[in-house]
Amino acid sequence: MPSSLLTKPVQRRPSEVRLSGRVLYLADDPDLVTAQLDGADVVWDPSIKLRDNISTDEITPAYICYYFDETLGEFPYLGFKAGERFPITRGSVKRGGFVASVAGKRRGKGSSREQSPYAEMCAGIQLVVGESIERIYRENCQNLGVLTTTDFALIERVKRGETIPLAVFTESEGRITRDIIEFGGLFNYNVARLQGVVTVPECTTPARPMTIAEKIFARHWVTDAAAGRIGVAAVRPGDEGFFFTDIRFSHEYVTPMAAIFFEQLVGKDEPLQDPSSIFFFRDHLTFLDQVMRREHVEMGLLDVATQLERKQREFAAAKGVRLYGQLEKRLNLTGAMTAAGSEAICHSKILEVHALPGQIIIGSDSHTPHAGAVGCVAFGVGTTAVFNSWITKDVRAQVPKSFKVIVRGKKPENVTAKDFMLQILRHPYVKDGHAIGQIIEYAGEAVEALSVDERATMTNMAAEVGAFTGIIAPDAKTADYLVAQRGMDRAAAERLCEGLFSDAGADYVNVIEIDAAALRPMIALPGDPGNGLFIEDLGGPVRVDIAYAGSCTAGKKEDMDMYARVFRAGLERGQRVATGVTCYIQCGSQEVFEYCRRQGYDRVFADVGAVFIEPSCGACINAGPGVSRQPTDVTISAINRNFPGRSGPGQLYLASPYTVAASALAGHIVAWEAEAVPVEA
Ligand code: SF4
C-alpha cells in the first residue's frame, strides 16, 4: 500500500442525505427538455415519455471525452437526442441548478467511459434515476460517489427537499457496494479497506456445480489482500468480493483521467503495483487530426485531445508501464507518406499477445470481453476502478448470473459470428434488457466450429448485449491458437485449459437456442445494434456511400481473410469498389497489418479501390477516416455498435465483413454469396 494512504483520514457519509436542486427529465420531447433548461419545472406525469437507451456516447460524445478534468461539467448530455434535435447545449445543465436527472430504460448503455457520470457530477447531478441502469455506468456512479436509483417515488421527495435516509440507496446492494456508497466512492472505501477500517465479508459459499466464469471468479477471490492469498472453494451469483487481476489495461481516453486521480489522491511519486501486468494503449485518437470538424478545432479540442496522448505517454514512462503507442508516419504502396497509426487497438493486442485461459482481465473499455474468446473473464471498468487497481491489483465485483446461448447446427457459409450476434441482439431477452449485467456464455457446435478470431467477435459484442462479459470455454481450437499465435508449447497450452468448463448442473438464468442453419446474413438498422434484420427482408436496395471494414471487432486476421476473399472474387469478375462508395479497411494491430502484407491482401485492397489504412480505432469512435459527414450519408460497417453519432451524423448499418465487402462492390447493401453472385436486397 502506498505510504501516503496509511494515515489518510476516511469516514462514512452521514446516514441521511438532502439533495437540494431541480430535477431534469430527459424526455423524448425536445421542447420539454428545452423548457426545463429555460427554468420551467416539470410536474411529473407518467404519460411523459422518457428517453430509453441513452448511451454514454450521448451523455458525453467522444469529442467531449478529450477533457479529463472538471471542465467536463460543462458538457453533460451534449449528444442527447430528443426527437430529431439535440436540445442540451454547453453549460446549460450546470446553469440549470439540477441535482438529479431522470431517464427511461437502459440508461448509460454503451461504452464504459466514466467521463459520463463525472461530467454529470461536475455539472451538479448527485442523483441518477433510470427505469433501468446499465452495470458499468451504475458502478462508475457509485465509484465516484454519485447516487443511483430506479425508484421513481424518490423524485418527489428530492423535489420537496426532504431528508432521505442513505439506506434507501444501499438497501438492495451487497455489503461491499453498500460500504462504497457509504464511504462516498471506491477510493475512500479502498483506503479504509487497506487501513483495516472496513472489512470485506468472507465468501462462505459451499462447493457447488459452477459455470466456467464462476470457477474463474472462485480461483481469483482475494481472501487476504495483505498476504496476497486468493482462492475459495466456490462462488454463487450475488457473492461480492475483490478479485485478483492478471491484466489491467487502459487507453488514452481513460489513462490520463486515472493518472490525475492517482496523482491527486495517492501522490505523484508513488509507484503502481506490479506495472509489468499493466498496459496502456494509444488507439482511439490516432487519426483525429484528419477528421476533426473545423468548429471543434476552433474550440481548441484538437489541442485538448493532444494532451491525452502526452499525459498517457509521460505517465507510462514515469511508472514503467508498457505503452502500445502511436507509430511514426511511413511510406505506403504508392510511395506517399501515410498517417501515423497505432501499434494496436487494445483488445486486439490483449488477445493476440497477453490473454490466457482462466485469467481475470480488466480494461477501461466496454469491449474488454473480447479476450473472453480464449476462456478468461475479461470485463470493462471505469476510470476509478482502473486507478484503484493500480494500487490494489484487484477489482471489486459481484458474481453475476449467467445465461447461455447455444448456437446449434451448421451455419451457411456466408453467415459469420457477426450475424450470430445481430440475431442474439434482437432476441427479446436481450433487446428488453434482461441480460444486463449477466454473463453470456456461448456454446453449441456452431460456436465450437468458429476460430478464436470469430469467437472474439461474439465475446466483444457482449458489450452490446449489456452483459457483464462474454465467455467461451477453451478447447482444442484455443490450444491451437495459443500454439500458432503465441508459439506456446502445446502441452502448456492444454494445461491452461484444464478444468475450464461449466459443470453439469451449473445454474443459468436462461438458455437461448439458435439454429445456425436457419440464419441468413444480417444487418442492424441505424440507431441500435438490436435493430437486426435479415438482409433479404430489407424491402429494397439501400444505397451505400461509405463501407468501413475494421475496428477491434472486425480488424482481426480472419476478418481480413473475409474482405480479401470477397474482393479477390470481385476482381476476377472485373468489379471494383462501386462508384460513389469509399471503402476503408483498417486492421486491429500492426501484426494484422503485416499479415495482410504477407498474404498480398494490401495489393488486393489497392486493386479493388479500397483505402487500406494503418491500425487505429478511427471511424469506430468518430475519430478517423470513414466517418460520415452528413445526416444523409449511408455507411455499411463491420464495427460493433451504431448508436446515434457513433461514427458521424449519418445512417450507419452494421453487418458482417462479408456483407461490408460485397456491399462496397455493389454500391448498395447486399448479402455475399459464396458463389460470388450478390443477392439483391
Ligand atoms: S475499435 Fe471501436 S469498439 Fe473497438 S476499442 Fe476502438 S473505439 Fe472501442
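Heavy-atom basis, side chains included; hydrogens, waters and symmetry copies ignored. Each residue takes its place number in the sequence, starting with 1. In listed order, ligands and their atoms are each counted from 1.
In this pair, Tyr429 and His427 present their aromatic rings perpendicular. The plane angle is above 60°, beyond the 30 to 60° band.
Every residue meeting the side chain to side chain contact (heavy atoms under 4.5 Å, CB included) condition with Lys411, not counting sequence neighbours, appears here in chain and number order: Val415, Phe420, Leu450, Ala516.
Distances below 4.0 Å separate heavy atoms of Arg646 from the following atoms of ligand 1: 2 (Fe), 3 (S), 7 (S), 8 (Fe).
At a threshold of 4.5 Å between non-hydrogen side-chain atoms, the residues Cys583 and Phe567 count as touching. The shortest distance between side-chain heavy atoms of Phe280 and Ser250 falls below 4.5 Å.
Within the structure, the closest approach of Asn640 to ligand 1 falls below 4.0 Å when heavy atoms are considered.
The number of heavy-atom neighbours closer than 6.0 Å to NZ of Lys105, taken from other residues, nucleotides and ligands shown, is 12 or below.
Here the two rings, on Phe593 and Phe612, have centers that are under 6.0 Å apart.
Salt-bridge annotation for Arg107 and Glu120: present, with a side-chain N of the basic residue lying under 4.0 Å from a carboxylate O of the acidic one.
For atom 6 (Fe) of ligand 1, protein N, O or S atoms under 2.8 Å: 1 in total.
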